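Everything below concerns the one structure shown next.
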Amino acid sequence: MSLYTGFNLKSYGYSVIPKPVTAEDRKLLSSVFQNCDTDNKGYLTREDIKIAVVSLYGYKPSKYEVNQLLDKYGESLQDDVKVLTLPKFHDAMAPKLSTQDENEEIRQTFLAFDTQCRGFLTIEDLKKTFAQVAPHLPIHAVAAAFKELDRDGDGRISYRDFDFMMKYGKDS
């Protein structure tokens with residue numbers, strides 16, 4: 001499944017043509033907005049926006065980035081404080097969401113598991129990570145998943161095997 005519809009070649013390089021925002025993307029954006037609008041105000045404040053960006057993209061935005069979002073998409077309240085309403089939040093977040101690179105996400109996920117930067121994963125890497133993110137998942141389930149992915153039985157999961165697993169079952 002390609003996230004890009006193609007490339008736009010330019011004299012100085014190329015730019016990615018983003019995929020259209022899907023109904024699933026809009027649902028995700030609405031869900032994140034609702035989760036970050038804890039007081040049901042109908043808008044996101046500067047701090048709410050930071051949490052939303054962490055939820056969507058996995059990093060804390062800089063003050064500059066939040067200012068840029070608010071300057072471009074923000075609406076002013078009575079006291080000149082800028083906020084993002086749901087439609088403006090969609091407008092602000094959709095461009096980046098539509099250009100996210102699936103391969104980059106998979107690589108970052110692999111690196112999160114590969115805490116020792118060896119280029120492969122061991123059963124201990126998986127146990128340690130799942131103990132943090134899914135502590136109620138039984139160890140035997142982690143071991144079974146590892147065995148399934150370790151197709152050559154060498155006690156390691158290569159990036160290639162991990163990538164295959166992450167894309168398994170998706171339409172190409």
Side-chain angles (χ1 to χ4, degrees), residues 1-5 7 14-38 44 46-69 84 89-90 92-172:
M1 173 174 111
S2 176
L3 292 178
Y4 303 117
T5 57
F7 293 96
Y14 68 89
S15 65
V16 176
I17 300 171
K19 71 177 177 74
V21 177
T22 65
E24 186 177 312
D25 292 337
R26 285 188 295 279
K27 186 177 178 182
L28 172 65
L29 291 172
S30 294
S31 174
V32 168
F33 182 92
Q34 297 304 327
N35 288 339
C36 293
D37 181 15
T38 53
L44 298 182
R46 174 179 297 281
E47 291 305 312
D48 296 335
I49 293 167
K50 289 178 185 178
I51 295 167
V53 171
V54 170
S55 297
L56 284 169
Y57 306 117
Y59 74 94
K60 183 180 176 186
S62 67
K63 184 177 182 179
Y64 175 79
E65 185 176 355
V66 175
N67 287 341
Q68 292 294 100
L69 288 172
L84 290 181
F89 179 73
H90 277 243
M93 296 296 130
K96 186 168 183 154
L97 189 64
S98 70
T99 59
Q100 276 190 306
D101 183 354
E102 176 186 27
N103 291 326
E104 178 63 16
E105 289 180 35
I106 292 171
R107 188 179 73 76
Q108 292 298 326
T109 304
F110 182 83
L111 291 173
F113 279 90
D114 185 16
T115 58
Q116 297 184 23
C117 300
R118 295 176 298 212
F120 60 86
L121 305 177
T122 64
I123 185 69
E124 295 307 316
D125 293 329
L126 262 61
K127 286 179 181 178
K128 181 179 176 184
T129 302
F130 278 107
Q132 293 174 347
V133 298
H136 301 296
L137 187 67
I139 294 295
H140 71 274
V142 175
F146 184 86
K147 186 176 180 182
E148 181 80 21
L149 289 171
D150 183 20
R151 295 186 289 185
D152 60 3
D154 66 352
R156 299 176 174 183
I157 297 173
S158 67
Y159 176 77
R160 186 175 184 176
D161 289 337
F162 187 82
D163 183 62
F164 175 79
M165 181 268 311
M166 294 296 283
K167 293 178 180 175
Y168 183 79
K170 291 187 175 184
D171 298 327
S172 296

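Note that this is a predicted model, so its numbers are computed, not measured. We count residues from 1, following the sequence as given.
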* **Near-ring test Phe130/Phe146, centroid separation under 6.0 angstrom** => no
Just by distance, do the side chain of [X] and the backbone of [Y] share a donor-acceptor pair under 3.5 Å?
X: Asp48; Y: Asp37; result: no
X: Ser55; Y: Ile51; result: yes
X: Asn35; Y: Val32; result: no

* Asked: Under the 6.0 Å and 45° cation-pi test, does Arg151 pair with Phe164?
  ->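 Relative to the ring axis of Phe164, which defines the angle, Arg151 lies inside both limits.
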Quick check: closest heavy atoms across [X] and [Y], and the distance to 0.1 Å?
X: Gly119; Y: Asp114; result: N-OD2, 2.8 Å
X: Val53; Y: Met93; result: CG2-CE, 4.1 Å
X: Leu69; Y: Ala92; result: CD2-CB, 3.9 Å
X: Lys127; Y: Val142; result: N-CG1, 4.0 Å
X: Ala52; Y: Leu44; result: CB-CD1, 4.3 Å

* **Derivation of the ring-ring contact (aromatic ring centres under 6.0 Å, His included) call for Phe162 and Phe113** => CA-CA 10 Å; Phe162 187 82; Phe113 279 90; 5.7 Å; yes
Can you find a heavy atom in the side chain of [X] that is under 4.5 Å from one in the side chain of [Y]?
X: Lys50; Y: Cys36; answer: no
X: Asp161; Y: Leu121; answer: no
X: Asp125; Y: Ile123; answer: no

* Asked: Would one find more than 12 heavy atoms of other residues, nucleotides or ligands at under 6.0 Å from atom CZ of Arg118?
  ->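 Counting other residues, nucleotides and ligands, CZ of Arg118 exceeds 12 neighbours.
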* Using a cut-off of 6.0 Å, state whether more than 12 heavy atoms not belonging to Glu65 lie near its atom CD. =>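 For Glu65, atom CD is crowded (more than 12 foreign heavy atoms under 6.0 Å).
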* Asked: Should Glu24 and Lys27 count as an ion pair when the cut-off is N to O under 4.0 Å?
  ->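 Salt bridge flag = no for Lys27 with Glu24.
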* To do: May I ask you to say whether Arg107 pairs ionically with Asp163, meaning some side-chain N is under 4.0 Å from a carboxylate O?
  => no
* Give the ring-plane orientation class for Tyr159 versus Phe110, where under 30° counts as parallel, over 60° as perpendicular and anything between as tilted. =>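 Ring orientation, 0 to 90° scale: perpendicular.
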